[in-house]
Structure formats: structure tokens, C-alpha cells
Amino acid sequence: MAVQQRKTVVTETTTTTKNVDHQVGKTWGRDRDVSFGTILISLGILVMSPIWVLYTYISCNGYQCAMSAPALEIYNAPDALIALKTLLARELPTFSPYAARLFFTWLTFQAVLYAFLPAQIGYGQRTPAGHLLPYKVNGLLAWIISHAIYAAGGLYFGWWKLSIIHDNWGGLLIAANAYGYFLTFFCYIKAHLFPSHAADRKFSGSFIYDLLMGIEFNPRFGKYFDFKLFHNGRPGIVAWTMIDLSFAAAQYQKIGYVSNSMILLNLLHATYVLDFFYNEDWYLRTIDIAHDHFGFYLAWGDSVWLPWLYTLQSHYLVRNTVDLTPVQFGFIFAVGFTGYFIFRSVNHQKDIVRSTNGECMIWGKPAKVIRTSYVTSDGKTHKSLLLCSGYWGLSRHFNYVGDLLISLAMCMTCGTKHLLPYFYIIYMTILLLHRIQRDHTRCKGKYGKYWEEYMKVVPYKLIPYVY
Ligand code: NDP
């Protein structure tokens, strides 16, 4: 196994001091005491998320992705209960041993690639307990190998049809759910019995909240097999583009060509996914890795929610052919790639300012930064900095504006006849608005007075002069 040391992008210096500015906040990481309302919402998410995925599956499989159709069928029936039972008997996905083998072979293959491919070593953010964890960064190579084998197996060797994922979609959904639930409960038990970093666990006192949001921060096998990075990246994001390609192949089999809307969708998704892997080291310092604990939210989310719902547009386009006019194509392309440009530029500014300790130019001028300190639970003080010029002077989350534009463009490839393909932009908007709030709580807990100062310098959260 070739492991190469990557340039560490860590700006903190560590000193032990008694004169600390502020102690590690209980909200840095996440709340320990959760309210009854939060527990109820958590229960709602645990119950409703799988139902929603199933509902979208049924809408697409049986009703051409018309979101209201299954509900209307039940609503308009003389006996709603009988109608529901009939609908479920007809439309529910069924267990398929072949699809289960496919899913678990895929998962094992990704785990082998993650563990054994040559990797550079990147570092995450310092955890609340003071750990600075190494990560294997080899996602781009895993993506290339996976897609090359998928294409060669389908086009050259004839091992499978390229539409194999589309053709086994229902059986794969069952297998992915089985794994997502297994992983959730396994991690819950692991957190109690054999945690990877005991001091970074958070117990909320609520079984439901802990199950949903996770207890362990960075569950691992051994030194490098990180559950969070692996599951988000590999079964989640490598699968994303492969699912799209498989649905494009299914469209080709169905109508004899691949529509320009499907091509544009594949292009936008592939840009986003390849950017993710090309910049995988950057991802180690985003909220997903630096803040979220590993529970149902990520375990089931990466196994089911992400592959099933982020690809809804390609499911739609197989069932509803959309041929874009050149003007529509150009417009959607422009929205998507403007969004991508913003998204990448904003994230790059943060990375560059942190990796140079603020000694860099932003938009042709020396970067303006607030130098901060914060304290980890081991009592050590660390230094960091907050950029407040360039995009980061416009608003505190301008990167989300770029992300929302790309997401909108992805949905627009499906035209305007149905709402379901727009689920992604609706979901991303809610997710990112909620994330702004979560990040604010986290950063306030971590940086205290420095965060207050930053908020005065950069008052807007998302869109300058609007929000
Ligand atoms: P950010 O990359 O904005 O990271 C926020 C963290 O950056 C803060 O917690 C803080 O962490 C640090 N920070 C905040 N302000 C500053 C500043 N002024 N200067 C330097 N550092 C600062 O957010 P996310 O991790 O949420 O998002 C990363 C990207 O991923 C975004 O572009 C987002 O749109 C995208 N995304 C995509 C999703 C998808 O499902 N497609 C889901 C969520 C996000 P600290 O100081 O501790 O380092």
C-alpha cells in the first residue's frame, strides 16, 4: 500500500495555556441536552425519510414520476385502505438475491479500493477532543477505476448491460436499506462498546437523537478506514454518476437515443462529482467531516437517501423524454456552470487563506482575516483564522449560493411539467439554510468573541443585502 504524505493544510499551532479566551463550548460538536421537540423531530425524520424514498420510487416506477399520482389514487378510491394495500402490493420493490449480490459486491469492491489503492494522506480539522486525524485521499482513482470497469464490462466484455443499475433499481433499494439500517445500529453499538475516539463521543441522553445524529464523531476500523469519508464518498458519490449513466443507457434502450437533457444532466452531475474527488482533501475540512457525528443521518443517508434522491432527475428523464431547445440548453448550462464557478472559487479562497496562514492575495489585495483562538477539551489553545474579504466578505456562506445555482440547473434539465425532479433544489435549500444555523451555533461555540467580531464585519448570511 503506497501512502504518500500530503501537504498538510493545517493553520493551527498548539500551545498549552492556562489563560484561555473561552472554554470549548458544548455546542461545538453538538448539543448534549436536546429538547423534547428536537426528539420528536428526530423521530419524524427517522420514520419519514425511508417512507419518502419509497414514495418517490413508487411515483417514478408506476406513475411516470408524477408525484401526486399515488396519493390521488388512494384519495379518490372509495375505500382508501383497500386502495393503499392494492397499490403497495403492486408497486413495492421486492427482494432480489441478484440485486443484493450486486449491491454487496459493489460495496466490498469500493471498500477494497478505499483501503488498498495508493493514497495521499490528508488531515481533517482538529476535533473538539484535540485529535487531528489522517485520512486516505484516493477517491479520484477509485472513481476512475470503478467507471472504467463499469464501462468496459458493459461495452466491451459484455458482462452486464450498462442499464444494470436501472434494471435492478427496486432490488437494490431493498439491499441498500438493509445495509443502511445495519450500519446505523452497528455504529450505535460500536459507539458504546468499542469507540474509535472515546473523548469525541457525544451522548445526548436520547436514544432517538443519538441514533439519528450519531454518537461517535469519527468511527474507524484501524488507523485509516474512516466510516464517514468512505460512506459519503464511495457508495454515495461514486455511485451518483454511475447511476446517472445507467439511466442514460436505459433511456437509449427505450427511445433509441440519449436526450440532450440527459446529457446535460450527466455533465452537471459529473462536474460536481469529479470536483468533489479532485478536491477530496478540501472536503476533509467541510462541515460533513468536521462537525457531523456518524448516525442514521449519514449511515443510512449515504447508503439510500443520496443515491436514490440525488439522482431523481435521471429517473424522471427515462420516463419523460425532454428535448431541450438550444436556447434552453444554453441557459441551463450557463446557470449550472456559473454556480459551479462561484462554488469552487469561494471554497478555494477559504482553503488558500487557511493553507497560507492568511499570507495570500484575495481578489488582488492582501487577504483580510480575523486571527482567532479556540480551546479543545484537553485544555489546549489553538490558533485559526476567519477570512473576511473576497467572497467571504460578501456573505458568510456565499459558497452555498453557487451550490444552489448548480442544483437548480440540474433540476431544470427536466423541464417544468412535474415537481418531483425539483425535489433536489428544494431539499438543498432547506439543508443549506439549516446548515447556516447549525454552523453559526458551532462557530459561536468554538470561536466566541472572534465569531461575534466576524459577524459585525460580515453581517449577511447568504445573499448580500437580502439575507
Ligand atoms: P463551509 O465550507 O463553508 O465550511 C464552514 C466552516 O468553515 C465553518 O464551520 C468554519 O469551520 C469555517 N469557516 C467559516 N467561516 C469562515 C471564514 N470566514 N474563513 C475561514 N473559515 C471559515 O461549509 P460546508 O462544509 O457546509 O460546505 C462545503 C461545500 O459543500 C459548500 O460549497 C456546500 O455548498 C457544499 N455542500 C454540498 C452538499 C450536497 O449534498 N451536495 C451538502 C452540504 C454542503 P472551522 O473554522 O472550524 O474550520
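Counting starts at 1 for both ligands and their atoms, in listed order. Since the structure is predicted, the reported quantities are computational estimates derived from the model, not experimental observations.
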Novice: Taking all atoms of both residues into account, what is the closest heavy-atom pair of Phe276 and Gly233, and its distance?
Specialist: CE2-CA, 4.2 Å
Novice: Measure Cys443 to ligand 1 on non-hydrogen atoms and call it side chain, backbone, both or neither using the 4.0 Å cut-off.
Specialist: side chain
Novice: Any donor-acceptor pair under 3.5 Å linking the side-chain atoms of Asp281 with those of Tyr135?
Specialist: no
Novice: Judged by modelled atom types alone, do Trp392 and Asn399 share a side-chain donor-acceptor pair under 3.5 Å?
Specialist: no
Novice: Report the part of Leu431 in contact with ligand 1, treating N, CA, C, O as backbone and CB onward as side chain, heavy atoms under 4.0 Å; options are side chain, backbone, both, neither.
Specialist: side chain
Novice: Identify which of Phe276, Trp282, Trp240, Tyr400 has a heavy atom lying nearest to atom 30 (O) of ligand 1.
Specialist: Trp282
Novice: Will you find, in the side chains of Thr56 and Ser59, an N or O donor that is under 3.5 Å from an N or O acceptor?
Specialist: no
Novice: I'd like to check whether Cys388 has a polar contact with ligand 1, where a contact means an N/O of the residue lying under 3.5 Å from an N/O of the ligand.
Specialist: no
Novice: Regarding Arg319 and the six-membered ring of Phe247, is the cationic atom NZ or CZ under 6.0 Å from the ring centre and inside 45° of its axis?
Specialist: no
Novice: How about Phe221 and Phe227: are their ring centres within less than 6.0 Å of each other?
Specialist: yes
Novice: Between the candidates Val457, Asp288, Asp439, which shows the shortest non-hydrogen contact distance to atom 9 (O) of ligand 1?
Specialist: Asp439
Novice: Does the Lys NZ or Arg CZ of Lys446 fall within the cation-pi geometry relative to Tyr374 - under 6.0 Å from the ring centre and within 45° of the axis?
Specialist: yes
Novice: If you measure from atom 2 (O) of ligand 1 to every heavy atom of Lys350, Gln349, His397, His291, which option wins on shortest distance?
Specialist: Lys350
Novice: Assess the side chains of His231 and Tyr179: does a donor N or O sit below 3.5 Å from an acceptor N or O?
Specialist: yes
Novice: Measuring from atom 11 (O) of ligand 1, which candidate in Gln125, Arg438, Arg442 has the nearest non-hydrogen atom?
Specialist: Arg442
Novice: With a cut-off of 4.0 Å, which atoms of ligand 1 are near a heavy atom of Tyr447?
Specialist: 45 (P), 46 (O), 47 (O)
Novice: Using a plain distance cutoff, I'd like to know if Tyr454 has any nitrogen or oxygen under 3.5 Å from a nitrogen or oxygen of ligand 1.
Specialist: yes
Novice: Could you list the atoms of ligand 1 found under 4.0 angstrom from a heavy atom of Asn347?
Specialist: 32 (O)
Novice: Below a 4.0 angstrom heavy-atom separation, can you tell me which part of Tyr427, side chain or backbone, both or neither, approaches ligand 1?
Specialist: neither
Novice: Mind checking whether Arg285 contacts ligand 1 via backbone (N, CA, C, O), side chain (CB onward), both or neither, at a 4.0 Å heavy-atom cut-off?
Specialist: neither
Novice: Less than 3.5 Å apart, any donor N or O on the side chain of Arg285 or Asn347 sitting next to an acceptor on the other?
Specialist: no
Novice: I need the contact type for Asp403 against ligand 1. Using non-hydrogen atoms and a strict under-4.0 Å cut-off, is it side chain, backbone, both or neither?
Specialist: side chain
Novice: Would Lys446 count as a polar contact of ligand 1, with the cut-off being nitrogen or oxygen pairs under 3.5 Å?
Specialist: yes
Novice: Could you tell me the separation between the OG1 atom of Thr311 and the CH2 atom of Trp240, rounded to the nearest 0.5 Å?
Specialist: 9.0 Å
Novice: Can you list the ligand 1 atoms lying under 4.0 Å from a non-hydrogen atom of Tyr424?
Specialist: 41 (N)
Novice: Only heavy atoms count here, so choose which of Thr286, Leu306, Asn399 is nearest to atom 1 (P) of ligand 1.
Specialist: Asn399
Novice: Heavy atoms only: give me the nearest Phe398-Leu462 pair and the separation to one decimal.
Specialist: CD1-O, 3.7 Å
Novice: How does Arg396 reach ligand 1, by side chain, by backbone, by both or by neither, if only non-hydrogen atoms under 4.0 Å count?
Specialist: neither
Novice: Does ligand 1 have a heavy atom under 4.0 Å from the side chain of Leu385, from its backbone, from both, or from neither?
Specialist: backbone
